[in-house]
Amino acid sequence: MEEIDRQIMALLADDGRMSFTDLAKQTGLSVSAVHQRVRRLQKRGVIRGFTAQLDNQQIGLPLTAFVSIKPIDPAAPDDAPDRLTHLEAIEACHSVAGDESYILKVRVASPNELEDLLQKIRAAANVATRTTVVLSTPWEGRRPAL
């Protein structure tokens, strides 16, 4: 990957709403060249989209937790991610090495909602859970080192 593409990706990772004009100024390219490179990065799947970063406190989801899951029956099919996609409180599902099969990142409004969500996870995927509640998040969502 070319260095100029890495620079464009870093700029967009810091500010996904940066205009092509501002990208061009920052990179020294023409607006049309920047537009073409961004489009090519999107077509290749390097840039998958642009999203808004929400303040979870302000939208009523102040409680973040990590829920480790492992199947109750180790011989059962490994389909927990498919069984859990309907639960919108699950923000991310990571397949992991170790005792657990997956770690889920969840956001809910209260401890009671977390308890309800854990029951839904256990029932939907037939798994045992281990939960770690986040007390504070000094930082999150750092862009990768490009």
Side-chain angles (χ1 to χ4, degrees), residues 1-24 26-27 29 34-146:
M1 182 164 302
E2 295 180 40
E3 183 58 34
I4 196 72
D5 288 338
R6 291 183 188 283
Q7 188 179 2
I8 290 169
M9 290 184 301
L11 289 165
L12 287 173
D14 289 340
D15 179 3
R17 294 186 60 174
M18 183 176 278
S19 70
F20 289 123
T21 302
D22 289 339
L23 283 169
Q26 293 281 332
T27 59
L29 297 173
V34 167
H35 187 262
Q36 185 179 42
R37 284 180 178 269
V38 170
R39 200 172 1 173
R40 190 176 12 198
L41 289 166
Q42 287 176 298
K43 188 174 183 179
R44 288 179 36 209
V46 176
I47 295 175
R48 296 186 307 185
F50 301 90
T51 61
Q53 294 180 354
L54 306 177
D55 183 318
N56 292 300
Q57 292 278 26
Q58 291 193 39
I59 64 170
L61 299 172
L63 196 154
T64 302
F66 292 96
V67 180
S68 300
I69 64 171
K70 70 178 180 180
I72 291 174
D73 177 5
D78 184 13
D79 61 353
D82 295 332
R83 291 172 171 243
L84 298 173
T85 57
H86 70 283
L87 297 173
E88 292 181 4
I90 301 174
E91 184 176 295
C93 176
H94 303 279
S95 177
V96 296
D99 290 335
E100 286 83 14
S101 300
Y102 296 92
I103 295 178
L104 312 173
K105 182 179 181 182
V106 304
R107 293 193 194 269
V108 292
S110 68
N112 286 340
E113 281 192 22
L114 178 59
E115 188 173 17
D116 291 344
L117 178 62
L118 292 173
Q119 290 174 353
K120 290 175 184 173
I121 290 169
R122 290 182 197 118
N126 195 30
V127 293
T129 62
R130 188 174 54 114
T131 304
T132 302
V133 173
V134 174
L135 298 177
S136 69
T137 304
W139 47 265
E140 176 177 49
R142 290 172 48 165
R143 69 170 168 83
L146 300 170

Inset, instruction - Mind running side-chain contact (heavy atoms from CB on, under 4.5 Å) on Ile90 and Ile121 for me, showing each step along the way? - result: CA-CA 10 Å; Ile90 301 174; Ile121 290 169; 4.2 Å; yes
Legend entry - Gap between atom CZ of Arg40 and atom CD1 of Ile8 - 0.5 Å precision: 8.5 Å
Inset, instruction - Check whether any side-chain heavy atom of Arg39 sits under 4.5 Å from a side-chain heavy atom of His35, and report yes or no. - result: yes
Inset, instruction - Can you see which heavy atom on Ser110 is nearest to which on Leu63, and at what distance? - result: C-CD1, 3.7 Å
Legend entry - From CG (Leu104) to NE2 (His94), nearest 0.5 Å: 8.5 Å
Legend entry - Asp99 and Lys70 ion-paired at < 4.0 Å: no
Inset, instruction - Among residues two or more places apart or on two chains, list those pairs meeting salt bridge (Lys or Arg N to Asp or Glu O under 4.0 Å) that have a residue in residues 110-130. - result: Glu100-Arg130
Inset, instruction - Compare every heavy atom of Pro62 with every heavy atom of Gln57, then report the nearest pair and how far apart it is. - result: OE1-CB, 2.8 Å
Inset, instruction - Considering non-hydrogen atoms only, spot the tightest contact between Tyr102 and Ser95 and give its length. - result: CD2-CA, 3.5 Å
Inset, instruction - Return the minimal non-hydrogen interatomic distance between Ala80 and Ile69, and the atom names on each side. - result: CB-CD1, 3.9 Å
Legend entry - Leu61 side, atom CG; Glu91 side, atom CD - distance, nearest 0.5 Å: 9.0 Å
Legend entry - Criterion side-chain contact (heavy atoms from CB on, under 4.5 Å) against Val106, the qualifying member of Leu114, Val134, Thr131, Thr64: Leu114
Inset, instruction - Supply the atom-to-atom distance Met9 CE to Asp14 CG, rounded to the nearest 0.5 angstrom. - result: 12.0 Å
Inset, instruction - Taking all non-hydrogen atoms of both residues into account, name the closest pair between Ala125 and Arg83 and its distance. - result: CA-CD, 3.7 Å
Legend entry - Test side chain to side chain donor-acceptor pair (under 3.5 Å) applied to Glu140 - qualifying residues, sequence neighbours left out: Lys105, Arg107
Inset, instruction - To the nearest 0.5 angstrom, please state how far the CG atom of Asp79 sits from the CG atom of Leu84. - result: 9.0 Å
Inset, instruction - Measure across Ala128 and Ile72 and return the closest heavy-atom pair with its distance rounded to 0.1 Å. - result: N-CG1, 3.8 Å
Legend entry - Nearest-0.5 Å distance, CG of residue Leu12 to CG of residue Leu23: 5.0 Å
Legend entry - Beyond-backbone contact of Asp15 with Asp22, side-chain heavy atoms, under 4.5 angstrom: no
Inset, instruction - List the steps and the verdict of side-chain contact (heavy atoms from CB on, under 4.5 Å) for Arg37 and Val34. - result: CA-CA 5 Å; Arg37 284 180 178 269; Val34 167; 5.8 Å; no
Legend entry - Heavy-atom donor-acceptor pair, Gln7 side chain to Gln26 backbone, under 3.5 Å: yes
